[in-house]
Amino acid sequence: MDEEPPNAPHNQQYKDSLIWEAIQLLLQDAPVHFVTEDKSFFESRKPEKGLSKNLASEVAKAIHKIKIYYPLSDCLSELTADRPGLKLREYVGPL
């Protein structure tokens, strides 16, 4: 209700606020990879600027870190960049 991201003046996004609260809880147990195309989570609504300052300050002292992605392809490319090579036959047997 304070009109700070992920909310805006005359645009309280209750669902976005619930998502943000869930992220903060998840950060207590593990790192979070957050994928969204909702620009309200970003500084000045610009994904290239990263997480908005007020949201970043809320998670700055969390045990684990958050990484925010826009769009999904950015997340997928990062998560697969260091993927070890798997020898499929060792895991599923002869094809």
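Residue indices begin at 1 and follow the sequence shown.
- Expressed to the nearest 0.5 Å, how far CD of Glu58 lies from CD1 of Ile23 amounts to 10.5 Å.
- Of all non-hydrogen atoms in Val35 and Leu72, the two that sit nearest each other are CG1-CA, 3.7 Å.
- Remark: the Tyr70 side chain and the Glu48 side chain contain no N/O donor-acceptor pair separated by less than 3.5 Å.
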Take Gln24 and Val59 through the test side-chain contact (heavy atoms from CB on, under 4.5 Å) and record every step on the way to the result. CA-CA 7 Å; Gln24 291 183 78; Val59 296; 4.1 Å; yes
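- The nearest pair of heavy atoms linking Ser44 to Lys49 is OG-NZ, 3.8 Å.
- Separating the SG atom in Cys75 from the CD1 atom in Ile68 is a distance of 11.0 Å, to the nearest 0.5 Å.
- Inter-residue side-chain proximity for Pro31 and Lys67 is flagged as unmet; no heavy-atom pair is nearer than 4.5 Å.
- Both Trp20 and Leu26 belong to a single network of hydrophobic side chains, linked directly or stepwise wherever heavy atoms of I, L, V, M, F, W or Y lie under 4.5 Å apart.
- A search for salt bridge (Lys or Arg N to Asp or Glu O under 4.0 Å) contacts involving Lys65 returns nothing, not counting sequence neighbours.
- Atom CD of residue Glu37 and atom CZ of residue Phe42 lie 9.5 Å apart, to the nearest 0.5 angstrom.
- The two residues Ile66 and Leu27 have their closest heavy-atom pair at N-CD2, 3.9 Å.
- Using a 3.5 Å distance cut-off with no hydrogens or angles, the side chains of Ser52 and Asn54 do pair a donor with an acceptor.
- Separation of atoms CD (Glu43) and CG (Leu51) is listed at 9.0 Å; rounding is to 0.5 Å.
- Residues Phe34 and Phe41 place their aromatic rings such that the two centres sit under 6.0 Å apart.
- Nearest heavy-atom pair across Gln28 and Ile63 is O-CD1, 4.0 Å.
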